[in-house]
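Only one structure is covered here, and it is reproduced in the block below.
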Amino acid sequence: MPRTTLLRQLLQQRHLTTHEAFATQYERAAARLAELDRDPRLASLQVSPRQFDRWYGGELLTLPRPDACRVLEHMLGRPVSELFSTAYDGDSAHDRDEESSTGQQATSTPPPREGDENPLDIVTRTRQLTASNADDATLAFLDSSLEGIASRYERDGPYVLRPQARQVRQLAHTLLDGRQPPRTRRELFRVAARASGLLGYMAVNTGDFALSEAYCTEARDLSREIGDLDTDLWACGTLSFGLYYAGRYEEADACAAAAVERAPHHAQCIRLLANGRARALAKSDDRRAVEQAIGQALLLSDLHGVPVGLTSCISFEPYGRARTLANAVTSHVALRNTAQVMRDAEHIDDLVEHSTSSWSRSLVRLDVATALLQQRTPDIDHAMALGREALRLCGDTPISSVYQRSRDLHEQTGPWRDHPAVRDYGDEFRTWSSQPAALAMASSAS
């Protein structure tokens, strides 16, 4: 005889005792659950006649597959551990009422002894705890998407890649609303944190500093939740980066300094010291502190054996030596250390010129152009030629750092406004900065 399960009883009460009737309701429940859980795979689930016969007859050694269990629970409102367990007379209010009115006792298999657990319940709970809506292939896809965004960033820029980064972040958040074992959940937190971090960096480049701060704070908090120090420190570096370009120099230094203090020998501290501390300290003319920060960054570069070349600006990897020196150049420009600017710029010139980053080539040119105007005998023609090259290198993909430095260079040419080279640079700067993206940065800066 078929085993009388709670599933069988519920299907009898709902007149779903044929495969056709049951399958219709099951497929509707699957479609509803797919929409509620944002899991489109569920919408295609079906039940074969053989499956229905086994479920209805209680002929199960193990529970159905996890997705099928989810649909059954949604459809019938009871855990599968109960649906496939033997139904006793006292299992429902209706049965209890009948028993009290007739005085009849259950004649089916006696209930388990007090304190015993149903083996099927144990299997069910284990499967629930280890079930996941994100398999290894999904995690690998998300990871490779982030790597692709970072590798293409200096070629395609924030406006092209921002939608893809948003999609990765949204998918990670959607999956986190579901169920995963700890290993998978930790990886989803890491993906979500890094996607937010990339979006925070892009927001700095587009001049949206409030949005950047929100994204970076999310990246930092998510990475701390799982103890991912590497991403945590990177997010702090990007938060400091945004504060710097927002003109909040003391906060930028404090943010980077607090992160360095937490892990002073970590490779991410190279960026925190060179990009975060040194440049912000230079704005307050603290020469000694700037030299200490740059020196410490270079010592850590030697300690960790970082690449000599110009690493990607948005990479989660440690800063390469050339990028650290490029940040040192910017710091020395603020301190008006003209000779040091020229030495460092010459040292990295070949590496910068052979890099794929037009932004980095543009920024170094603008720093050197500013230093040429700061000299005892300004080289106006050379400075303005470098300024025009910088604008052309950046072209139609302006970012806030290039906008700010090209604007600052233009403002410093005031004493020589009648010089032909200065007028040429001014005309080119006004044309370049009339792009919609540059206008938005100007509005944000004001």
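The figures that follow rest on heavy atoms only: side chains count, while hydrogens, waters and symmetry mates do not. For the single chain, residues carry numbers from 1 onward in sequence order.
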**Prompt:** Hey, does the side chain of His304 reach the backbone of Val306 with a donor-acceptor pair shorter than 3.5 angstrom?
**Reply:** no
**Prompt:** Is the count of non-hydrogen atoms from other residues, nucleotides or ligands lying under 6.0 Å from Arg423 atom CZ greater than 12?
**Reply:** yes
**Prompt:** Does the side chain of Arg271 pick up a donor-acceptor pair with the side chain of Thr238 at under 3.5 Å?
**Reply:** yes
**Asked** Does CD in Glu35 sit with more than 12 non-hydrogen atoms of other residues, nucleotides or ligands closer than 6.0 Å?
**Response** no
**Request:** For Thr413 and Trp416, indicate whether the former's side chain and the latter's backbone hold a donor-acceptor pair under 3.5 Å.
**Result:** no
**Request:** Considering non-hydrogen atoms only, spot the tightest contact between Thr311 and Gly320 and give its length.
**Result:** OG1-N, 3.0 Å
**Prompt:** Is it the case that Asp408 and Gln404 place a side-chain donor and acceptor less than 3.5 Å from each other?
**Reply:** no
**Message:** Under the rule for salt bridge (charged side-chain N to carboxylate O under 4.0 Å, His left out), what residues qualify as partners of Arg32, not counting sequence neighbours?
**Reply:** none
**Message:** Are the side chains of Phe84 and Pro64 in contact, using a 4.5 Å heavy-atom criterion?
**Reply:** yes
**Request:** Mark yes or no for whether Ser145, through its side chain, and Phe141, through its backbone, hold a donor-acceptor pair below 3.5 Å.
**Result:** yes
**Item:** Arg321 vs Pro307 side-chain heavy atoms within contact, under 4.5 Å
**Value:** no
**Request:** May I ask you to check whether over 12 heavy atoms, not counting those of His347, lie within 6.0 Å of atom NE2?
**Result:** no
**Request:** Please answer whether the main-chain N or O of Glu213 pairs with a side-chain N or O of Thr217 as donor and acceptor at a distance below 3.5 Å.
**Result:** yes
**Item:** Non-hydrogen side-chain atoms of Leu233 and Arg262 separated by less than 4.5 Å
**Value:** yes
**Prompt:** Does Arg194 make a cation-pi contact with Phe316 (under 6.0 Å, within 45 degrees of the axis)?
**Reply:** yes
N/O donor to acceptor pairs below 3.5 angstrom from side-chain atoms of residues 286-300, sequence neighbours left out:
unit_1	atom_1	unit_2	atom_2	d
Asp286	OD1	Ala289	N	3.3
Arg287	NH1	Leu335	O	3.2
Arg287	NH1	Asn337	OD1	2.7
Arg287	NH2	Leu335	O	2.6

**Message:** Please check: side-chain N/O of His354 versus main-chain N/O of Asp350, any donor-acceptor pairing under 3.5 Å?
**Reply:** yes
**Item:** Electrostatic pair Asp136-Arg183, nearest N-O below 4.0 angstrom
**Value:** yes
**Request:** Please indicate whether Glu250 has more than 12 foreign heavy atoms, meaning atoms of other residues, nucleotides or ligands, lying under 6.0 Å from its CD.
**Result:** no
